[in-house]
Amino acid sequence: MEKRKFTIGLERGVHARTAAMITGEASRIDRKCQTKLYIEKSEVKVPLTSMLAVTALDIKHNDEVSIYASGRDEITAIDQMEALLKGSIVISDEEAEWLDRVLDENAIASDKILEALYNAVFYLNRDQVIVLVNSAAEKLTGFKDRELIGRAPYDIWGENELSEVLMSEEPIKEKRIKIGDHIGLIDFSNVYSEENHLIGKLGIFKDITKIEALRTELEFTADIKDRFGSILNHISDGICFVNREGDVLYVNPSYEKIWKVNKTEVIDKNIKTLLPNSPSVKVLSTQKKVFDLVIHQKDGRKILSSATPVRINEDFVGVLSSYKEVTEFEHIRNLLEQTEKQLEYLKTELNEKNTIDSAFKGIIGDSQSLKDCLKIASKVSKTKASIMILGESGTGKELIARAIHDMSPRSKSRMVKVNCGAIPENLLESELFGYEKGSFTGANQLKKGKFELADGGTLFLDEIGEIPLNLQVKLLRVLQEGEIDRIGGNFPIKIDVRIIAATNRDLEEMVRQELFREDLYYRLNVIPIEVPSLRERKEDLLLLVEFFLKKIAESENMEYKKISVEALECFENYEWPGNIRELENVLTRAVMLSDDYLIKPKYLPKHISMMREKLDYGLVNLKQGKLAKMEEYDKAIIKMALELHKSFNKAGKALGLTHRTISLKAKKYGLLDSDKKYQ
């Protein structure tokens, strides 16, 4: 291949007209000399016969270029082309007119081709600047071509999917992206010269929004038929589904009967033409529900209709409407009222179940009894009312009291705890109310009581049933007057304290026996909260066990251990008189004694480990005073029969079942021991 470097002599460089002349002359020279001519500028090499490529080189006067020729008469071809580019190109009026017409026709043809494309086209030059878009691209982006051309994608859109694709260094094939309301697939490829130099990038966006909408509609219609087809075919209400354009996609038999049509007459027809006064038409424009619209028919009938917008992934896809003759209006209205009440009730229940504040999330358990307890505690935490927490020892009354305080408006002040049963009776008064200096022998300085220390916060009186009667009077005065008297004090002291009391005793019985003041009981028991015992929430056992095992492992810096199925069965059958406190102690003992990572019954106290024996054949009777599921009884009976008779055949005869039935049930329940062979 012959090559020659020289400087462009054309005064105006290579503009559109001269490019047309040059490429025309290059084509003539190539034919005459049987060669192929190329021009190179700044290491970008393009064919001299391509007007668009030559124009894209942006060749100016005095620019240095190289001419290449390959073929039969390379020297002559280069000589003639060099003479043309070093000299001047004189274009006559006739030639100029012809060139302008050719250029205009080519430009018009290119524009028409681009504008005729349904897909959006983006062309970027090698500096990653947009130099060409079509009207589909303008419509897609919402920008005019004058706002797009000459700018980089990131300058226009910032960081979004379209910018990332158009600025990508690697080609992209059918990447799914969303631009505004449009969903599409975008292809993006590099454009190279014949010498493999990058000269630009071309992106084409195929809009599939309508296809996606149609697919969604078809899927939704198919889903209606699959899920509810048999139901909709038998209900008395006429049902109709239209897409967002109003085209009817589905009607049920009752719709045909009410409107006296065949479905073939309405499917794919537009509802605006079929029923222009129907609620579906109104919903199509407003996308809001319409209830109880009466449509008057020429034959005197009145049809009650309702319609609701249908959305999938928040996108509006159509309208579902129902129709019924007004003669059944009263019945429908009653049903709607009942449904509304049920929905409100269910909504209220759902809201209540989800209104447990974050402070209570640390209390482990998922049983309904615990949720009900925490729901009440969560609600009353925001009030000023006195609270009585009732429950057996070890159920976690203090945890709930702490959570109530943390969620109350007093949470920024302290919560002071007093265990009324752990303080001797002769010291309890001074602990609660404090004393003045010199009020009795040994009172060398003033001491504030628990009430004063809790001022502005919460006082938790645990084991309130242990307070003697003489102190109950003083406690009642605090609740009534909001003030205390220190021992030896001369003036009452105003305090602002919320009382949370707790007890495991039956205070009502103590009131009857005159061991607890009735007026104090009612003052303290404004809002009672009953904490369920562990035996009332056995479904929480596994959660509690896992929590304590992790806690013990962390506190003792030991490996985390797990509980075996057999040990868990023992726990489930045990009554837990010591509740959660007892469970934690038992697990601590088991972790310390176990030699491997699994806690087995042998590491449990005897009175708990022996509970597993009660489970072996216990399902033929009541379990914890309750019936088990039928499948559990079935499993226990099959297991017992196989252990007694050692074969499927004999076990089947004993139970009145076939050999095959016994073998299938044994396999289903996992009763086939690899060490035992049943015949």
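We count residues from 1, following the sequence as given.
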Counting only heavy atoms not in [X], do more than 12 fall under 6.0 Å of its [atom1]?
| X | atom1 | value |
| --- | --- | --- |
| E425 | CD | no |
| Y597 | OH | no |
| R414 | CZ | no |
| Q480 | CD | yes |
| Y560 | OH | yes |
| E452 | CD | yes |

[X] side-chain N/O to [Y] backbone N/O, donor-acceptor pair under 3.5 Å:
| X | Y | value |
| --- | --- | --- |
| R498 | A385 | yes |
| K650 | A641 | no |
| K665 | D634 | no |
| T458 | H405 | no |
| K397 | I389 | no |
| K646 | E643 | yes |

If you measure from [atom1] on [X] to [atom2] on [Y], what distance do you get to the nearest 0.5 Å?
| X | Y | atom1 | atom2 | value |
| --- | --- | --- | --- | --- |
| L469 | R517 | CG | CZ | 8.0 Å |
| D372 | S367 | CG | OG | 8.5 Å |
| S564 | L598 | OG | CG | 5.0 Å |
| C373 | Q368 | SG | CD | 11.5 Å |
| L459 | I499 | CG | CD1 | 4.5 Å |
| N419 | D462 | CG | CG | 5.0 Å |

Do [X] and [Y] come within less than 4.5 Å of each other through their side chains, counting heavy atoms only?
| X | Y | answer |
| --- | --- | --- |
| L461 | L432 | yes |
| T661 | L655 | no |
| K289 | P309 | yes |
| E539 | D366 | no |
| Y521 | M510 | no |
| L534 | Y574 | no |
| L520 | L479 | yes |
| S386 | R523 | no |

> Please walk me through it: do I493 and F451 pass side-chain contact (heavy atoms from CB on, under 4.5 Å)?
Replying inline: CA-CA 10 Å; I493 300 169; F451 273 102; over 6 Å; no
Residues forming a salt bridge (Lys or Arg N to Asp or Glu O under 4.0 Å) with [X], sequence neighbours excluded:
| X | answer |
| --- | --- |
| E398 | K417 |
| E582 | none |
| D540 | R537 |

[X] to [Y] - nearest heavy-atom pair and separation:
| X | Y | result |
| --- | --- | --- |
| I239 | N252 | N-OD1, 2.8 Å |
| G465 | T503 | N-OG1, 4.1 Å |
| A454 | V497 | O-CG2, 3.6 Å |
| I467 | Q472 | O-NE2, 2.9 Å |
| G421 | E463 | CA-OE1, 3.6 Å |
| F460 | M415 | CB-CE, 3.8 Å |

Less than 4.0 angstrom from a charged side-chain N to a carboxylate O is my criterion; do [X] and [Y] meet it?
| X | Y | value |
| --- | --- | --- |
| E481 | K494 | no |
| E509 | R512 | yes |
| D496 | R410 | yes |

>> Walk me through whether E536 and S533 qualify under side-chain hydrogen bond (donor to acceptor under 3.5 Å, both in side chains).
In response: CA-CA 5 Å; E536 294 175 292; S533 65; 3.0 Å; yes
>> Under the criterion side-chain contact (heavy atoms from CB on, under 4.5 Å), I'd like the reasoning laid out for R505 against E466: C-alpha separation, chi angles, the key distance, then a yes or no.
In response: CA-CA 9 Å; R505 300 184 65 178; E466 307 302 323; 3.1 Å; yes
> Between F648 and L642, is a side-chain contact (heavy atoms from CB on, under 4.5 Å) present by the stated rule, with each step listed?
Replying inline: CA-CA 7 Å; F648 295 139; L642 286 173; 3.7 Å; yes
>> For E431, give me all partners under side-chain contact (heavy atoms from CB on, under 4.5 Å), at least two apart in sequence or on another chain.
In response: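 Checked E431 against side-chain contact (heavy atoms from CB on, under 4.5 Å); matches are I423, K447, K450.
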> Who are the side-chain contact (heavy atoms from CB on, under 4.5 Å) partners of A590, not counting sequence neighbours?
Replying inline: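 Checked A590 against side-chain contact (heavy atoms from CB on, under 4.5 Å); matches are I599, Y603, L604.
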Only distances under 3.5 Å count here; give the side-chain donor-acceptor pairs of residues 543-559 to other protein atoms, sequence neighbours excluded, each with its distance to 0.1 Å.
residue, atom, partner, partner atom, Å
K551, NZ, E584, OE2, 3.1
S555, OG, K551, O, 3.2
S555, OG, I552, O, 3.1

> Checking side-chain contact (heavy atoms from CB on, under 4.5 Å) for the pair M388/I464: CA distance, chi angles, key distance, verdict?
Replying inline: CA-CA 9 Å; M388 176 74 77; I464 189 72; 4.1 Å; yes
>> Does either side chain, that of R581 or that of S393, offer a donor lying less than 3.5 Å from an acceptor on the other one?
In response: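 R581 vs S393: donor-acceptor pair found between side chains.
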>> Under a 3.5 Å threshold, yes or no: a donor from one side chain and an acceptor from the other, between T395 and E392?
In response: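 There is no such pair between these side chains.
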> Do we get K639 above Y669's six-membered ring, with its NZ or CZ under 6.0 Å from the centre and within 45° of the axis?
Replying inline: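 Verdict for Y669: no cation-pi partner in K639.
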